[in-house]
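Residue numbers count from 1 along this sequence. Keep in mind that this is a model prediction, so the values were computed, not measured.
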Amino acid sequence: SHENAIRVIPSLPDSWKDGSFSGLTARGGFTVDAEWQNKKLSAVCITAKHDKVLKVFSETEPKTADVPYSFKDGVLTAKLSGKKTVRFTF
């Protein structure tokens, strides 16, 4: 996370075309799980430790989301309730 927003997969080696991770901690009190295909983010689940505004850098707007959100200038913004996990698919 940087610039007050989370970059879920900022760069990947060529050998990591498809993959996933779970349980990574991001600044601001978030836990992140993610999946990617063809080096593009396909899904992300984020849990906030406390009520927080979440900001995520994204190349594209999500296809589905568990919470209301806004998407402007490559940044996805949503209000999260503490300890609730939300999922976005791309």
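- To the nearest 0.5 Å, the span separating CG on Asp33 from CZ on Arg87 amounts to 9.5 Å.
- Rounding to the nearest 0.5 Å gives a distance of 11.0 Å between OG of Ser20 and CD1 of Ile9.
- Both Phe30 and Phe21 sit in one connected hydrophobic cluster of ILVMFWY residues. Membership requires side-chain heavy atoms under 4.5 Å apart, directly or through other members.
- With sequence neighbours excluded, no residue forms a side-chain hydrogen bond (donor to acceptor under 3.5 Å, both in side chains) with Ser15.
- When atom types are taken as modelled, the side chain of Trp16 and the backbone of Trp36 share no donor-acceptor pair closer than 3.5 angstrom.
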With a cut-off of 3.5 Å and sequence neighbours excluded, list every side-chain donor-acceptor pair involving residues 37-47.
unit_1: Asn38; atom_1: OD1; unit_2: Lys17; atom_2: NZ; d: 3.3
unit_1: Lys39; atom_1: NZ; unit_2: Leu12; atom_2: O; d: 3.1
unit_1: Lys39; atom_1: NZ; unit_2: Asp14; atom_2: OD1; d: 3.0
unit_1: Lys40; atom_1: NZ; unit_2: Glu59; atom_2: OE1; d: 3.0
unit_1: Ser42; atom_1: OG; unit_2: Glu35; atom_2: O; d: 3.1
unit_1: Thr47; atom_1: OG1; unit_2: Thr85; atom_2: OG1; d: 2.5

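- Proximity of Leu54 to Phe88: side-chain heavy atoms (C-beta onward) are separated by under 4.5 Å at one or more points.
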Ignoring hydrogens and angles, write down the donor-acceptor pairs under 3.5 Å from the side chains of residues 67-83, residues two or more places apart or on other chains.
unit_1: Tyr69; atom_1: OH; unit_2: Glu61; atom_2: OE2; d: 3.0

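- The two residues Val32 and Ala26 come nearest to each other via the heavy atoms CG2-CB, 4.1 Å.
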